[in-house]
Amino acid sequence: MIRRFLQNFYGNFIEEQTRWIALVPILFGIGIGIYFALPFEPKYWVTLLIIEFLLFVFYLLRRNTALHLPLYGLLLITLGFANAQLHTIYQSRRIEMLSNTVTYISGRVVDVSQSTRGKTRYTLENAFDFDKPLKGRFRITSMTKDNDFEIGDCVETAAKLLEASPLPIKNSFDLSRKYFFDGLSATGYTLGDTFKIACPENMKTSDFLMEINAFRGKVAGRINKALPIDEAGIIDALLVGEKSYIPQQITDNYRNSGLAHFLAVSGLHLGTIAGLVFFLVRWLISLFPFLALRYDSKKIAAVFSILFAFMYLLISGAAIPAQRAFIMVSTVLVGVMFNRQAISLRMVSFAALMVLIISPAALVSVSFQMSFAAVTALVVFYEKFAQKISAWSYDRGFIMKAFYYLIGVVICDFVASLATSPFAIYHFQRLALYTSLGNLLAGPLIAFWVMPAILICLAVLPFGILIYPLKILAYGIWIMNYITAYVAALPYSVLYVHSLEFGGFLLIVCGAIWLCVWQKNWRYYGVIAIIAGCITMFGKPVPDAIISFDGNGVALRDQSGVMTLVPLGRANNWTREIWRQNFELKIPDKEEQKVLKNIFAGKENKPDWIDVSCDGNKNCTYKNALKFNADGAILLNGKPVSKKYGAYVYISGGKIYSEPMISPSCRPWKNCD
């Protein structure tokens, strides 16, 4: 039976040779994933030795073609691993990780942004600590309001440099790794005024990327001065890729309505812009018969679309989703130029491989995972059902075509949402339930108003008349904001799911990849893995208590199941915000805070609300299992809980145990102590 299964498996694999190309970025990505999953930094000579060994084995078995395929697979995995390691070695020599120190730093401003608390942040390059040169970039938040420096200025200030704090949730994104691969040596804040100084004579005075950033900063400044903050913040994100000016409530509305993807320049934006340019150029050529009859208007339009998409990529800041989108859009348009099939899994595979080669750290970013999941699912759906969908709308009237367009929006949104939902649950512990409604309401507005207005804004940028198309764009954004606020306010707009572990997540992802890559019936084996991954969500309880990695933040689940922040210690604003987003954390109002303070002072008990009892010295016990006090001591069943790594505490079904929130590791981007 097993032999027959293996023969069947091998036969199906051989018959699907046209899909093997999709395995290249998958195997390459597995190697990258293994590298980042290691808790220690491997020796580079070991990686080199493995590659040489595989090449040697390949040479010995060069006539045994049956073993070539598995050897190719192992080699691709090893090359992905080596690529990530090489990027790490390169970054280690470009930057030096500085943290938890006070310094007098000077350097050139290469980027200006805004923190979540409205403070101006300056990214410095060519930095010095007095006369000592510093490697890498430094992002400093100004604590004063009288600074108005521009990109290209040289400044100096006294600053406190801080270590990148891990996100206060389990299986969270590694912020220190992101800073490392972004070239940031440290972040921090000023301890006093910042002063403008003369740039050293030997410092570069012209840098293409810096000039682009300076231009983006000027555009953002003009937008913020001309429009209200609610519309200006969204337009900043769409035009120049700067999302730090969006008010938190607006961001929450977009996230809870399922339209958060609209705020990041990606395939939707570059694809729509390129498509608009493509059809506009073809229409203009058709107005001149001597051009239309002599030249292929599609190929000319494809060239202009690529150039315009590249300009948008630069102006938007060239984030990972935008890079992926540009590669894919360019591949499609190059296919048009050479009369080849434009939309295919081969195109997605090529784009994924290019992104992973250029930036292997993108693999572990949420934007890469969700964007490629959505695009892959849509491409596979298009390959299977494109002809049927075209047949439905063929030779129909305007009303029916409009109806089919709306149906198409709903179907595409359902496919993309289904593909990205495991990533949303795993990374954010939440799922927007009215995504289809949000996209159905906003889809026509985006396609026929917002994106054409953005195209006009991009076209007039060099001529200094941005204000007029900005007004048109702002009205569209105002309607978008209203739609997201309406959808986000609907009952049960967000479902919180805290029980998807890495193993279950990996099963779902592997099953989905299997389902998308293959075309024969054996593809449905992937459904088994998806179902198995979903089942794991029902066997894991939600935490009853959360303790932040510094021990200052403690949240307890009350009798109604709501996670409540307790007034013991002081959880920083960042921790509170992340917990609010991922656990629907309740911040007590004034009356509840008063009651909680009395509980923790030992003056009263409210077991019907929250099962906590305290004595007069703020020594507290939660559910007769977890003990903690104002000094930061935390005991579970009489055993201390590590504050350094934080903890999830489970007290249910007779089982009492804890799990560390942060996994200890020693990597170039993370201290070992």
Side-chain angles (χ1 to χ4, degrees), residues 109-123 139 141-142 147-151 182 209-255 257 259-266 268-270 272-273 309 311-323 325 367 442 445-446 449-462 464-485:
V109 178
V110 294
D111 193 23
V112 180
S113 60
Q114 184 173 287
S115 69
T116 55
R117 302 180 66 180
K119 300 290 186 180
T120 302
R121 298 185 302 194
Y122 300 104
T123 302
R139 193 175 68 195
T141 300
S142 176
N147 297 322
D148 189 20
F149 304 115
E150 297 181 352
I151 293 176
D182 285 348
L209 293 180
M210 191 188 73
E211 295 295 334
I212 292 293
N213 285 338
F215 181 73
R216 293 172 58 230
K218 291 177 181 178
V219 172
R222 291 166 63 184
I223 293 171
N224 294 334
K225 289 180 181 178
L227 301 174
I229 184 61
D230 288 357
E231 288 79 42
I234 302 296
I235 295 174
D236 282 337
L238 298 180
L239 275 181
V240 297
E242 182 54 69
K243 293 187 287 187
S244 62
Y245 296 102
I246 304 175
Q248 186 60 49
Q249 184 59 52
I250 300 292
T251 300
D252 290 342
N253 289 342
Y254 275 81
R255 182 184 294 116
S257 62
L259 287 167
H261 63 88
F262 179 67
L263 300 180
V265 177
S266 58
L268 170 66
H269 307 77
L270 272 86
T272 305
I273 291 296
M311 183 185 75
Y312 189 21
L313 174 71
L314 292 178
I315 293 175
S316 66
I320 292 298
Q323 293 177 27
S367 60
L445 180 67
I446 294 171
W449 188 333
V450 174
M451 296 311 300
I454 289 176
L455 176 60
I456 297 172
C457 289
L458 292 171
V460 302
L461 273 178
I465 52 175
L466 185 62
I467 185 63
Y468 303 107
L470 272 182
K471 294 291 185 181
I472 299 173
L473 178 57
Y475 284 120
I477 296 301
W478 180 83
I479 300 174
M480 283 282 298
N481 290 347
Y482 179 82
I483 291 172
T484 57

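Between I246 and G233, the shortest heavy-atom contact is CG1-O, 3.2 Å. Taking both residues in full, the closest heavy atoms of A322 and L270 are given as O-CD2, 4.0 Å, listed atom of the first, atom of the second, then distance. The minimum heavy-atom distance linking A226 with K471 is given by the pair O-NZ, 3.6 Å. Closest heavy-atom contact between V240 and A220: CG2-CB, 4.2 Å. For the pair Q323 and A318, the tightest heavy-atom approach, listed with the atom from each and the gap, is NE2-O, 2.9 Å.
Distance CD1/I477 to CD1/I472: 13.0 Å, rounded to 0.5 Å. Within the model, atoms CD1 of I479 and CD of E231 stand 10.5 Å from one another, a figure rounded to the nearest 0.5 Å. Atom OG1 of residue T123 and atom CZ of residue R139 lie 6.5 Å apart, to the nearest 0.5 angstrom. In this structure, OH in Y312 is found 6.0 Å from CG in L238, a value given to the nearest 0.5 Å. Separation of atoms CG (D236) and CG (N224) is listed at 4.5 Å; rounding is to 0.5 Å. Going from atom CD1 of I273 over to atom CG of L458 covers 5.5 Å, rounded to the nearest 0.5 Å.
Residues I315 and V219 form no side-chain contact, since every pair of their non-hydrogen atoms from C-beta on lies 4.5 Å or further apart. Within the 4.5 Å cutoff, the side chain of V460 has no heavy atoms near those of the Y468 side chain. In this structure, S257 and I483 have side chains that are not in contact, with every pair of non-hydrogen atoms separated by 4.5 Å or more.
Taking the six-membered ring for Trp and the full ring otherwise, the centers of Y254 and H261 sit at least 6.0 Å from each other.
Looking only at distances, no side-chain donor or acceptor of R121 sits under 3.5 Å from a matching main-chain atom of T141. Between the W478 side chain and the D230 main chain, no donor and acceptor come within less than 3.5 Å of each other. H269 places no side-chain N or O within donor-acceptor distance of the main-chain N or O of L239, the cut-off being under 3.5 Å.
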side-chain contact (heavy atoms from CB on, under 4.5 Å) between E150 and V109, intermediate numbers included:
CA-CA 7 Å; E150 297 181 352; V109 178; over 6 Å; no
Do M480 and I234 pass the side-chain contact (heavy atoms from CB on, under 4.5 Å) test, and can you show the C-alpha distance, the side-chain angles, and the key distance before you say yes or no?
CA-CA 10 Å; M480 283 282 298; I234 302 296; over 6 Å; no
Test side-chain contact (heavy atoms from CB on, under 4.5 Å) on I454 and T272 and set out the steps.
CA-CA 10 Å; I454 289 176; T272 305; over 6 Å; no
Assess whether side-chain contact (heavy atoms from CB on, under 4.5 Å) is satisfied between L473 and V450, documenting all intermediate values.
CA-CA 6 Å; L473 178 57; V450 174; 3.8 Å; yes
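Screening L227, L470, I467, L466 for a side-chain contact (heavy atoms from CB on, under 4.5 Å) with R222, the sole residue that qualifies is L466.
Residues passing the salt bridge (Lys or Arg N to Asp or Glu O under 4.0 Å) test with D252 are R255, R580, sequence neighbours excluded.
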